Amino acid sequence: MDKESLLLSLKQDIAKARHIAFFGGAGVSTESGIPDFRSANGLYQEGYGDISPETILSHDYFYRHTGEFYDFYREKMLYLDAKPNPAHLYLAKLERERKRVSIITQNIDGLHQKAGSKEVYELHGSVHRNKCLSCGHMVDANYIKNYKGRIPLCPKCSGLLKPEVVLYGEPLPEDALYGAIEALMEADLLLVAGTSLSVYPAAGLLHYYKGEGKIYVLNLSPLPFDKTLKKRVVTIEGKLAESILELQRL
Ligand code: CNA
């Protein structure tokens, strides 16, 4: 089938669906100007000497090299002027039209909420919440970005602030995890977009999807699904936001 026919079939399945689960990753926000990790222009292609981004964005590194962590984090992970793109906006519009749309995201940028989506499970947390490890006071991402000093400290007690972002070596937040599992078990249509499905345990959650229909994948490149899911997968290659605009025109 050509791309137009695939998008038409997706549009019809969306119209029929009662409850859509959308499982997304960094590729959902590249068209908002936020680089992903693994694409040709992704963060992993840049060099940081001998240290990999996974190492810098890890629990141990945060505590042992807090200054270096924040140098990287503030320069590479905070895109506070980014705006939702047509994919974020379309999903929010579906929800406003009284469909249940559960957004399960590995992103930490808050763009689904900015677009208006209400049911969002942030598996890897959010740059917008930052907690003082001493007194529990919360600050926003602007405070972290604009702090005059290498390591942002709490405005109330000068304690160390930590972004509520899931670092490598940390467990997923239980609320988001169980909410995502429940949504996947209840949904009757699954869309997977802008993710390499290489970060676990997030990628493994797709097995909780119990709907009987197809699984649509909207990604720049095909994804490695195992045998159980593979036969139901329909892949629509290309840029997500462009595909969504095309779908809306059909
Ligand atoms: P990834 O491993 O970088 O994979 C991104 C995937 O998206 C790749 O398969 C790309 O081919 C695909 N892709 C890129 N641009 C587009 C596009 N415009 N349309 C369709 N597909 C596209 O990212 P994952 O999310 O799979 O990896 C999980 C990490 C990335 C999570 O821990 C995130 O927290 C982390 N991350 C998040 C952000 C963000 O919040 N915006 C940015 C960078 C990294």
Side-chain angles (χ1 to χ4, degrees), residues 3 6-7 10 22-46 48 52-59 62 72-91 103-115 117 120-129 141 145 163-173 176-177 180 191-206 216-225 233-247:
K3 185 167 177 184
L6 292 172
L7 285 171
L10 169 59
F22 177 89
F23 183 96
V28 175
S29 294
T30 51
E31 287 160 278
S32 292
I34 305 179
D36 63 7
F37 278 173
R38 292 177 184 80
S39 287
N41 302 324
L43 209 49
Y44 284 9
Q45 302 304 318
E46 298 181 28
Y48 299 100
S52 71
E54 278 107 330
T55 303
I56 299 176
L57 295 171
S58 70
H59 179 83
F62 175 81
F72 178 90
Y73 178 81
R74 294 207 289 182
E75 190 192 334
K76 304 289 180 191
M77 305 302 292
L78 293 181
Y79 289 83
L80 304 182
D81 296 329
K83 296 196 173 43
N85 66 47
H88 300 103
L89 295 170
Y90 176 67
L91 291 162
I103 309 280
I104 300 155
T105 184
Q106 299 165 86
N107 291 349
I108 54 177
D109 55 33
L111 287 184
H112 285 292
Q113 291 93 331
K114 231 183 198 177
S117 285
V120 183
Y121 303 103
E122 294 177 311
L123 296 175
H124 293 161
S126 171
V127 299
H128 297 288
R129 297 186 295 273
K145 181 92 180 173
E164 283 196 349
V165 161
V166 177
L167 301 175
Y168 289 95
E170 292 180 342
L172 304 193
L177 179 62
L191 314 184
V192 178
T195 172
S196 59
L197 290 185
S198 54
V199 176
Y200 282 80
L205 296 184
L206 293 182
Y216 286 91
V217 172
L218 295 105
N219 216 53
L220 278 182
S221 48
L223 295 177
F225 279 97
V233 169
V234 176
T235 300
I236 305 180
E237 281 187 44
K239 290 188 172 177
L240 173 66
E242 283 180 11
S243 298
I244 292 296
L245 287 174
E246 203 177 327
L247 173 147

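Below, each value reflects all heavy atoms present in this structure, side chains not excepted, and no hydrogens, waters or symmetry copies. Since we're looking at a predicted model, the values are computed, not measured. Read the numbers this way: they start at 1 and go in the same order the structure lists the ligands and their atoms.
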Can you tell me if Pro35 contacts ligand 1 (heavy atom of the residue under 4.0 Å from the ligand)? yes
Just let me know how Ile34 lines up against ligand 1, side chain, backbone, both or neither, with a heavy-atom cut-off below 4.0 Å. side chain
What protein heavy atom lies closest to atom 31 (C) of ligand 1? Include the residue and the distance to one decimal. His124 ND1, 3.2 Å
Polar atom proximity, Ile108 to ligand 1 (N or O, under 3.5 Å): yes
Applying a strict 4.0 Å limit to heavy atoms, is Ser243 in contact with ligand 1? no
Kindly indicate whether the side chain of Asn107, heavy atoms from C-beta on, has any atom under 4.5 Å from the side chain of Ile34. no
To check you understand the geometry: which heavy-atom pair defines the closest contact between Ala202 and Leu172, and what is its length? N-CD1, 4.4 Å
Quick one: does ligand 1 sit under 4.0 Å from the side chain of Ala26, the backbone, both or neither, non-hydrogen atoms only? both
What distance do Ile103 atom CD1 and Tyr121 atom OH have between them, rounded to the nearest 0.5 Å? 10.5 Å
For Gly238, the atoms of ligand 1 under 4.0 Å from one of its heavy atoms are 19 (N), 20 (C)
Tell me whether Ser32 contacts the main-chain N or O of Lys83 through its side chain, where contact means a donor paired with an acceptor under 3.5 Å. yes
Using a 3.5 Å distance criterion without hydrogens, assess whether the side chain of Lys114 forms a donor-acceptor pair with backbone atoms of Ala82. yes
Any non-hydrogen side-chain atom of Tyr79 less than 4.5 Å from a side-chain atom of Val127? no
On a heavy-atom basis, which atom in Val28 and which in Ala193 lie closest, and how many Å separate them? CG2-O, 3.6 Å
If you measure every N or O of Met77 against every N or O of ligand 1, does any of those distances drop under 3.5 Å? no
Kindly compute the distance separating OG (Ser29) from CD (Gln106), expressed to the nearest 0.5 Å. 11.5 Å
Give the residue, atom name and distance (to 0.1 Å) of the protein heavy atom nearest atom 19 (N) of ligand 1. Leu240 N, 2.8 Å
Applying a 4.0 Å heavy-atom criterion (strictly less than), which segment of Gln106 is in contact with ligand 1: side chain, backbone, both, or neither? both
For ligand 1, which atoms sit closer than 4.0 Å to a heavy atom of Ser29? 41 (N)
Quick one: does ligand 1 sit under 4.0 Å from the side chain of Arg38, the backbone, both or neither, non-hydrogen atoms only? both
How far is atom 5 (C) of ligand 1 from the closest protein heavy atom, and which atom is that? Asp36 OD2, 3.4 Å
Got an N/O contact under 3.5 Å between Leu223 and ligand 1? no
Could you tell me whether Ser196 approaches ligand 1 through its side chain, its backbone, both or neither, with non-hydrogen atoms closer than 4.0 Å? both
Ignoring hydrogens and geometry beyond distance, is a side-chain donor-acceptor pair present between Thr30 and Lys239 at under 3.5 Å? no
Geometric N/O contact Lys239 with ligand 1, under 3.5 angstrom: no
Give, for atom CD1 of Ile236 and atom CG of Asn219, the distance between the pair rounded to the nearest 0.5 Å. 11.5 Å
Say whether, by atom type as modelled, one donor and one acceptor occur between the side chain of Lys145 and the main chain of Leu78 under 3.5 angstrom. yes
Mark up the atoms of ligand 1 that fall under 4.0 Å of a heavy atom belonging to Asp109, in ascending order. 39 (C), 40 (O), 41 (N)
Ignoring hydrogens and geometry beyond distance, is a side-chain donor-acceptor pair present between Ser52 and Thr55 at under 3.5 Å? yes
Give the atom numbers and elements of ligand 1 that come within less than 4.0 Å of a heavy atom of Glu31. 17 (C), 18 (N), 19 (N)
Heavy-atom proximity to atom 12 (C) of ligand 1 ranks first, among Asn219, Val199, Thr30, Ile244, for Asn219
The atoms of ligand 1 lying under 4.0 Å from a heavy atom of Ser39, numbered in the order shown, are 10 (C), 11 (O), 14 (C)
If you take all heavy atoms of Ile108 and His124, which pair is closest and at what distance? CG2-O, 3.2 Å
Numbered in order shown, the ligand 1 atoms found under 4.0 Å of a heavy atom of Gly194 are 5 (C), 6 (C), 7 (O), 21 (N)
Tell me whether Thr195 has any N or O atom under 3.5 angstrom from an N or O of ligand 1. yes
When you look at Arg129 and Glu122, which way does the salt bridge (charged side-chain N to carboxylate O under 4.0 Å, His left out) test go after all the steps? CA-CA 12 Å; Arg129 297 186 295 273; Glu122 294 177 311; 3.1 Å; yes
Looking only at protein heavy atoms, which one is nearest to atom 11 (O) of ligand 1, and how far off is it? Leu220 CB, 3.4 Å
Students should be able to answer this: which protein heavy-atom is nearest to atom 17 (C) of ligand 1, and at what distance? Gly27 O, 3.4 Å
Verify, without hydrogens or angle tests, whether Ser126 (side chain) and His128 (backbone) share a donor-acceptor contact under 3.5 angstrom. yes
Ser221: numbered ligand 1 atoms lying under 4.0 Å from its heavy atoms: 11 (O)
Lys3, NZ: over 12 other non-hydrogen atoms inside 6.0 angstrom: yes
Would you say ligand 1 has an N or O under 3.5 Å from any N or O of Phe37? yes
Using a strict 4.0 Å cut-off to heavy atoms of Gly25, name the atoms of ligand 1 that fall inside it. 25 (O)
